[in-house]
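Here is the structure we will look at, set down as structure tokens.
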Amino acid sequence: MEWLGHFNYWIVVVLMMIGFYGVIARGNMVKKILALNVFQTSVFILFISAGKIIGGSTPILREGVSAYSNPLPHVLILTAIVVGVATVAVGLALAIRIREAYGSIEDDRIAAQEADEENRQSEPSR
Amino acid sequence: MRENGILRVIARFVIPLILLFGLYIQFHGEYSPGGGFQAGVVFAAGWILFVLIYGLDLGLKVIPERVMYVLTALGVLLYSLVGLAGVALGGHFLDFYPLLEDPHAAQQAGIILVEFGVGVTVASVMMLVFTLFARRRSWWDEVDAEADGEGR
Amino acid sequence: MFLVVVALAVIRVRDLFAATMLFAIYSLVSAALFTVLDAGDVALTEAAVGAGISTILVLAVLTLARRQEHPVPGHNLLALAVVLVTGAGLVYASMDLPEFGDPDNPVHGHVGSYYTEQTYADTGVPNMVAAVLASYRSIDTLGEAFVIFTAALGVFALLSVRPPARRSRARDGEEAP
């Protein structure tokens, strides 16, 4: 049982690393935002599992329940989820504006375009 | 999607239920899971479903965009004013005890008002963001049509 | 666990539409997990926000952009190495963390136990999460409401500008109309 007690942390780490890989290795911005969300959810699971007490119950007062899980992480994560969707909305709005300016939401294509434009600008001056 | 009979009939049943459920978790939040955040999101989801099936124009007739802007600010304002009311009646900022005589009733009144402010803000922000995203496409087409007209 | 499989699929699938749908499933599964971990409020929010609103917003953006992800050749070995090293470090660090579900964990000291014991006497509200959210930590929540409001302002500022004409938009290898 000693090693199983840390199983929840390992799941969190694995999920977090999947999200991390998605953010740094994928070029598509929508995919980056989804990966960021996976990362975020792993943090939520870390907090919620820290608040859990084995044999405890949902923190709503009622008859016949002796132990409740800790309500504090629940409150923190509740606000974090809604802030998360707000940041997702702003990120997607930025992606739309980038799409309008460059015609693409892929990292490498935008970089290629920028390099192109710089070449074009520097050529006539020579 | 406007012609699909199954979607229309089911939506007519489900949308009022979603909105009712949103209101339930808004005002029953102290006794069961729920509160302003969830209620706002669920309420906005009901409206978005309506828009997906009946179109954005009809949806904006139900809740005009101008009303959304006002509601976004009003929710936050309500929250802050409840906080300031505590100060005005001789307590700390966001202190609910001075609001009413009975401490329990005061706390409950404060919590309900504050949650209502949060719910209004979250719901109208979600609807506003969705409207802005959904309108972008038709705006593109409009700009293109204008550009074509000038080109000729 | 199932969550890991779905998360991997989200990252691997190249069709963004499929990735979005898989992400909705991922949110729903994590909402179920939150219910098992006694967090009813959080599960409700995650189900409504993750599987509902986020998905809808991403879909709304996908109508504006290319649906297929531009394929990345091969694996990004450097990224994989960074991720593996970080992950190994975190797993090593997790050995020092307290065991799962133990009531004597440090998290449950301080204010946590105060909330579970005193909430009803202080506020008369049975749902502790609502009480803590709106009463004990209400300034927190006020700031959070302002964050939402600011996000709406940000999206409005970004998307209320007149879009540029088609010429600059059609370069994505999409059909030029």
Side-chain angles (χ1 to χ4, degrees), chain B residues 25 28-38 40-42 44-45 48 52 68-69 72-73 75-76 79-80 82-83 93-96 102-108 110-115 117-118 121-122 124-126 128-130 132-137 139-140 142-144 146-148, chain C residues 35 39-49 51-53 56-61 63-64 119-131 133-135 137-142 144-146 148-156 158-167 169-170 177:
Chain B
I25 52 182
H28 206 253
E30 316 102 87
Y31 301 103
S32 57
F37 292 109
Q38 296 93 324
V41 170
V42 169
I48 287 173
L52 288 180
M68 279 184 221
Y69 293 130
T72 331
V76 180
Y79 199 133
S80 319
V82 171
F93 184 60
L94 284 171
D95 191 359
F96 299 144
D102 180 21
H104 279 193
Q107 281 288 341
Q108 284 181 353
I111 288 176
I112 287 176
L113 280 175
V114 158
E115 292 263 18
V118 170
T121 305
V122 170
S124 48
V125 164
M126 293 304 157
L128 187 64
V129 167
F130 178 77
L132 287 170
F133 277 133
R135 237 201 356 226
R136 201 64 181 172
R137 182 92 208 190
W139 208 357
W140 282 9
E142 260 173 47
V143 170
D144 287 352
E146 277 170 30
D148 284 351
Chain C
T35 319
D41 288 82
V42 180
L44 189 59
T45 320
E46 176 70 28
V49 166
I53 301 286
I56 291 276
L57 290 183
V58 175
L59 285 181
V61 171
T63 61
L64 299 169
T119 297
Y120 196 78
D122 280 353
T123 64
V125 171
N127 185 355
M128 290 176 224
V129 175
L133 181 84
S135 183
R137 303 190 68 91
S138 50
I139 295 182
D140 228 8
T141 313
L142 174 67
E144 207 266 332
F146 273 105
I148 304 280
F149 182 59
T150 317
L153 281 184
V155 174
F156 175 70
L158 283 169
L159 291 187
S160 62
V161 191
R162 186 183 165 83
R166 175 178 29 188
R167 187 183 50 78
R169 272 190 268 122

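By convention in this document, chain letters (A, B, ...) are assigned in the order of the sequence lines, proteins followed by strands, and residues within each chain are numbered from 1. For clarity, every value in this text was computed on a predicted model and none was experimentally measured. Values below: every heavy atom of this structure, side chains too, minus hydrogens, waters and symmetry copies.
Across all their heavy atoms, B/Val118 and B/Phe37 have their closest contact at CG1-CE2, 3.6 Å. When all heavy atoms are compared, the tightest approach of C/Thr35 to C/Ala43 is OG1-CB, 3.4 Å. Closest of all the heavy-atom pairs between B/Val76 and B/Thr121 is N-OG1, 3.2 Å.
Top candidate by heavy-atom pairs under 4.5 Å with chain C, chosen from B/Ala73, B/Gly117, B/Ser124, is B/Ala73. Interface summary for chain B: among C/Gly52, C/Ala151, C/Ala48, the most heavy-atom pairs under 4.5 angstrom belong to C/Ala48.
In this structure, the portions of C/Leu159 lying under 4.5 Å from any heavy atom of chain B include both its backbone and its side chain. Only the backbone of C/Ser160 comes within less than 4.5 Å of a heavy atom in chain B; its side chain stays farther off. Both the backbone and the side chain of B/Leu132 come within less than 4.5 Å of a heavy atom in chain C.
Residues B/Tyr79 and C/Phe146 keep their aromatic ring centres 6.0 Å or farther apart.
Between the side chain of C/Thr45 and the backbone N or O of B/Gln38 there is no donor-acceptor pair closer than 3.5 Å.
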